[in-house]
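What follows is one structure encoded as structure tokens, with my remarks underneath.
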Amino acid sequence: MYSMQPSTTNRFSQFPLTRLQCNSSARRHCPPKTHLSELQKGLLDWFAEHKRPLPWRASYTPYEVWISEIMLQQTQMERGVQYFKRWMTRFPDVRSLAAASEDEVLRLWEGLGYYSRARHILAAARHIVQEHKGRFPSDLAAIRALPGVGPYTAGAIASIAFGKKLPCVDANVERVLARILNIDTPVKQEPAASNIRETALKLVPEGKAREHNQAIMELGALVCARIPRCDRCPVSVYCISNYEGLTDKRPVPGKKIAVKPFVVATGVLLHRGRIFVQKRHIGRVWGNLWEFPGGKVNEGENAKTAVVRKFLEETGFAVYTAQEYGIIRHSYTTYKITMHCFGVELKNPPCLTDSLPPPPLLTAACAWQWADPAAIETLPMPAPHRKLAQQIFATSEQQCLN
DNA sequence: TATCCGTGGCC
DNA sequence: TGGCCAAGGAT
């Protein structure tokens with residue numbers, strides 16, 4: 001007789017296990033089978049038949065596996081594939097990447113978010129060229145030591161590119177195992193995290209790490225998704241939460257983080273056909289990306305007043321607002337911003353008609369330039385600033401502001 | 001351990 | 001529209 005046990009210490013954590021007898025008179029309520037090898041085979045057979053033809057699955061070169069894994073962090077597959085193809089056209093190998101400028105790498109990454117991933121990729125490529133003679137390391141410790149490579153990605157590269165018998169636990173695996181094991185506590189916290197990590201390790205079959213790790217992640221993406229499709233699942237007979245009718249309650253969600261709304265004002269300073277842009281400090285949001293100056297609108301402050309104030313604070317330029325470009329709304333992580341956009345001009349432009357203003361006194365940036373619209377196209381910018389730039393170019397073409 | 005770090009698609 | 005989320009890492 002099947003009996004429920006505390007999920008974090010259930011018998012699945014004691015692989016290998018013995019099969020339980022199925023009550024044929026109540027097939028739909030058949031208790032989960034527990035043969036490890038059958039679960040593994042079910043995953044592998046399903047993957048062989050249903051895996052998606054992703055670009056890096058053609059040859060599984062370490063470089064391609066690495067780039068794909070970093071790109072797919074917190075990114076949807078279809079989007080990741082598009083960026084991956086474009087990336088490989090421009091940077092087909094580690095050496096071409098290592099030789100690139102950070103601006104170009106970030107520009108290629110623009111729109112994917114979490115820009116430290118791109119900065120880390122470039123740093124890692126240069127490290128591989130210098131310390132590993134351009135050859136991607138196969139040793140787990142060496143892989144893990146690369147910037148931007150954490151526990152998941154190290155296991156993924158070592159197993160998928162090099163076939164090493166290691167687990168990789170991502171959000172898909174957490175979800176799949178939370179359901180199979182019927183874990184009733186948040187998966188990212190203890191004791192569930194250890195249970196999942198240990199189970200994932202026991203699940204990896206000898207000599208099949210590459211296929212198995214992708215199989216369980218693919219299952220999480222295609223079948224055991226947020227809304228599970230248990231009728232299509234090759235391993236539903238091993239799934240305790242399916243048996244208990246609790247698949248929609250697993251995994252147990254973690255703590256919700258409140259979204260903080262705030263209002264910012266941004267100014268596009270135009271002077272003789274050139275636009276002032278500055279490069280954001282690293283370590284904060286949008287690190288090393290180029291932006292138009294601006295910032296938070298204070299409580300009770302007018303956006304127009306705020307943009308003038310922020311320009312003086314961030315650049316030392318005294319400006320006035322010449323145009324209103326409207327509002328751009330944008331959300332990121334836990335923030336929701338309302339960006340009031342202005343065209344601004346210098347209060348005291350230089351007397352000589354062909355000269356640029358004196359250098360700015362930067363307080364919120366590490367670099368600056370007066371860029372023409374074509375140059376702005378080549379600079380990596382945060383999504384809302386790119387939106388604003390495109391909006392202005394459309395306007396400037398109509399009004400011949402140059 | 002908790003928080004920060006982006007973005008666009010989906011329902 | 002708004003909440004949720006999609007192959008995590010660094011601090």
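The sequence lines fix the lettering, A, B, ..., with proteins before strands; numbering per chain opens at 1. This structure is a prediction, so every number in the text was calculated from the model and none was measured.
Both A:R226 and A:Y335 lie close to DNA chain B; mapped to their nearest nucleotides by heavy-atom distance, the more 5′-ward contact belongs to A:Y335. Nearer to the 5' terminus of DNA chain C, by closest-nucleotide assignment, is the contact made by A:I257 (compared with the other of A:I257 and A:R144). Ranked by how close their nearest DNA chain C nucleotide is to the 5' end, A:G148 and A:A225 are led by A:A225. Mapped onto DNA chain B by nearest heavy atom, A:I227 and A:W286 fall at different nucleotides, with A:W286 at the one closer to the 5' end.
In this entry the distance linking CG of A:L112 with C1' of B:dC5 reads 14 Å, nearest Å. The CZ-P distance, from A:R386 to B:dG6, rounds to 16 Å in whole Å. Rounded to a whole Å, the CZ atom of A:R197 is 16 Å from the P atom of C:dG8. Residue A:I70 contributes atom CD1, which lies 7 Å from atom P of C:dG9 at whole-angstrom precision. The distance between atom CZ of A:R79 and atom C1' of B:dC10, rounded to the nearest whole Å, is 14 Å. Remark: P of C:dA6 and OH of A:Y83 are 19 Å apart, rounded to the nearest angstrom. Spacing between atom CE of A:M339 and atom P of B:dG6 amounts to 15 Å, rounded to whole angstrom units. Rounding to whole angstrom units, CG of residue A:L72 and C1' of C:dG9 are separated by 15 Å.
Between C:dA7 and B:dT3, the two P atoms lie 23 Å apart (nearest whole Å). For the P atoms, the distance linking B:dG8 with C:dG9 amounts to 23 Å, nearest Å.
Residues A:I216 and A:N172 have side chains not in contact (no heavy-atom distance under 4.5 Å, counting atoms from C-beta outward).
Between A:H330 and A:W286, the angle of the ring planes lies from 30° to 60°, which puts this pair in the tilted group.
When each of C:dG9, C:dA7, B:dT1 is scored by its nearest atom to the side-chain atoms of A:E190, the top-ranked nucleotide is B:dT1. With C:dA7, C:dC4, B:dG6 as the candidates, the nucleotide lying closest to the side chain of A:Y152 is C:dA7. Nearest to the side-chain atoms of A:H330 among the listed nucleotides B:dT7, C:dC5, C:dA7 stands B:dT7. Of the candidate nucleotides B:dT3, C:dA6, B:dG8, C:dA6 has the atom lying nearest to any side-chain atom of A:Q74. You'll find that the side chain of A:P151 is closest to C:dG9, out of C:dG9, B:dT7, B:dC5. Comparing B:dG9, C:dG9, B:dT7 by their closest approach to the side chain of A:Q76 singles out B:dG9. The side chain of A:R284 lies closest to B:dC5 when the candidates are C:dG9, B:dC5, B:dG6.
The phosphate of C:dC4 (OP1 or OP2) has a side-chain N or O of A:K256 nearer than 4.0 angstrom. Dashed line: the shortest gap from a side-chain N or O of A:S68 to OP1 or OP2 of C:dA7 is not under 4.0 Å.
With hydrogens and angles disregarded, a donor-acceptor distance shorter than 3.5 Å links the side chain of A:R179 to the backbone of A:C224. Under the 3.5 Å distance criterion, the side-chain polar atoms of A:H340 are left unmatched by any main-chain donor or acceptor of A:I327.
Residue-level contact check: A:A156 touches neither bases nor backbone, having no heavy atom under 4.0 Å from any strand. Looking at heavy-atom distances under 4.0 Å, A:E218 makes contact with a base. At a threshold of 4.0 angstrom between heavy atoms, the contacts of A:L54 include nucleobase atoms, whether or not backbone atoms are also involved. Note on A:R57: a base of the nucleic acid sits closer than 4.0 angstrom, heavy atoms only. Residue contacts shown for A:M71 are absent, as no nucleic acid heavy atom lies under 4.0 Å away. At a threshold of 4.0 angstrom between heavy atoms, the contacts of A:V149 are confined to the sugar-phosphate backbone, with no base atom among them. A:T334 comes within 4.0 angstrom of no nucleic acid atom, judged by non-hydrogen atoms across all strands.
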Task: Criterion ring-ring contact (aromatic ring centres under 6.0 Å, His included) on A:W109 and A:Y83, from CA distance to verdict - done: CA-CA 8 Å; A:W109 198 271; A:Y83 276 81; 7.4 Å; no

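In summary, the aromatic rings of A:F317 and A:F276 are positioned with their centroids under 6.0 Å apart. Between A:F136 and A:W66, the distance separating the two ring centers is shorter than 6.0 angstrom.
Between A:E313 and A:K310 there is a salt bridge, with a side-chain nitrogen of the basic residue lying less than 4.0 Å from a carboxylate oxygen of the acidic one.
Relative to the six-membered ring of A:F262, A:K336 misses at least one condition, a distance below 6.0 Å or an angle of at most 45° to the axis.
For DNA chain B, the neighbouring residues in residues 114-126 of chain A, judged by any heavy atom under 4.0 Å, are A:Y114, A:Y115.
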